[in-house]
Protein chains: 2
Amino acid sequence: MRRQVDGRKLRGEKRRGEIIEATLRVIERDGVAGVTHRTVAKEAGVPTTSTTYHFAGLNDLLIATLMECARDMATEVYWMIDRARSRGSRGAEEVANLLAEALGPRRGRTMAEYELYLLAARRPELRTAARRWLDVLTSMVRHDDEVAFRVFLAGIDGLLIQGLIDDEPPTAEELRPVVDYLLKPR
Amino acid sequence: MRRQVDGRKLRGEKRRGEIIEATLRVIERDGVAGVTHRTVAKEAGVPTTSTTYHFAGLNDLLIATLMECARDMATEVYWMIDRARSRGSRGAEEVANLLAEALGPRRGRTMAEYELYLLAARRPELRTAARRWLDVLTSMVRHDDEVAFRVFLAGIDGLLIQGLIDDEPPTAEELRPVVDYLLKPR
DNA sequence: AGACTACCTGAACGATCGTCCCAATAACCG
DNA sequence: CGGTTATTGGGACGATCGTTCAGGTAGTCT
């Protein structure tokens, strides 16, 4: 039974985490295409070979980044649903605000998430991670609403993607009627 | 007034078109990341320098490919709407079938379209081309249904993207209830 | 203290990249 | 027919890529 952890491993895993965060920043700025050992290392402020030491290859670095990203997405959208529910009929307003935020100040992050999403489409080993936030949300909802909830999630994805190619990001007010209609029960 | 076109330019534009088609095939197979002068040239069966002659750079090649792709998408979805309308209440079935087809046999093409979509998010000069099919469809619909139609288009996009990260593509039967709910009037 | 091990890093390798250069070809114009 | 021009294609340049390697540093263990 080891009571004292290896200080070296602690620093190593800390640096590993910093590299992942730097990778995410690079993807937000330049896209997945801009991710190389050297750009990530420069962003993280570490030597080039450090990224090859902590990750078997560039592929593993992207996988680890998607894992981290998926975890963030899941907890974030979890709290979004929670807040929207607690506000009752004002839920639509809350959703519209969050969409406008994702397409405005957090636009880079949203692009990064969908790029990793498409990366998962080509690499089966990434799919469970990419699906995680969908699964988390689906498990939160009543089973008799399953179809309505799937439509809701699909609508959110579609609004975000279409909002990404707008010349200027849509405001919460513009999004509001669409979200209202999307949430309106049949 | 020139009545006789230059035969050289005709062959040149034909080859230019072949390069664009080859680029689209490369994107379907390996993604935008796999697009280089050399891979495209090999796919098209032309020497490497031919792609740099007909396009000012790799960037222009991707732009031209997105243009072509957007044109195809617009006409394709135009006929989808047309067919769905002519079938009246069976429209939902038609839409579900087309979604299943886009996620099954035409999965590579669907991935390529969304990759180019995200590319447009980063390059403003591509946005009008990427938005073309949205605009074409929006102009087809009655103005009092605008919100409902936007929700419909967003739902289609969301279902396609989510279907791309499924381990096995959803069937038309699985898609059917969701599409039904999506088309159900409020 | 000495052996051990995990972490760190500068240098370098071969491969591939975008792009340029220039000669060759062939269709068009006068 | 000679001159012009658009297209073709082989070769090469410098830059950058992923990855390897060998040596150096510093915590941990006996």
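The OG1 atom of B:T138 sits 12.0 Å away from atom CG of B:D145, with the distance rounded to the nearest 0.5 Å.
The nearest whole Å value for the distance from the CG atom in A:L61 to the C1' atom in D:dC17 is 15 Å. Rounded to whole angstrom, the span from the CG atom of B:N59 across to the C1' atom of C:dT19 amounts to 14 Å. Between the CG atom of A:D60 and the P atom of D:dG18 there is a distance of 13 Å, rounded to whole Å. Whole-Å rounding puts the A:H37 NE2 to C:dT9 C1' distance at 14 Å.
Remark: B:R150 does not engage A:E174 in a salt bridge, criterion side-chain N to carboxylate O under 4.0 Å. Salt bridge absent: A:K184 and A:D180 never bring a charged side-chain N and a carboxylate O closer than 4.0 Å.
Within a 6.0 Å radius of CD in B:E125, other residues, nucleotides and ligands contribute more than 12 heavy atoms.
Across all strands shown, A:T36 has heavy atoms under 4.0 Å from sugar-phosphate atoms exclusively, and none from any base.
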Exercise. Sugar-phosphate means primed atoms, P, OP1 and OP2; the rest is base. With that split, encode nucleotides 3-13 of chain D 5' to 3' as B, S or - using protein heavy atoms under 4.0 Å.
Key: --BSBBBBBB-
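Legend: residues meeting side chain to side chain donor-acceptor pair (under 3.5 Å) with B:T110, ordered by chain and number and at least two apart, are absent. Shown here are the salt bridge (Lys or Arg N to Asp or Glu O under 4.0 Å) partners of A:D72, two or more places apart in sequence or in another chain: A:R109.
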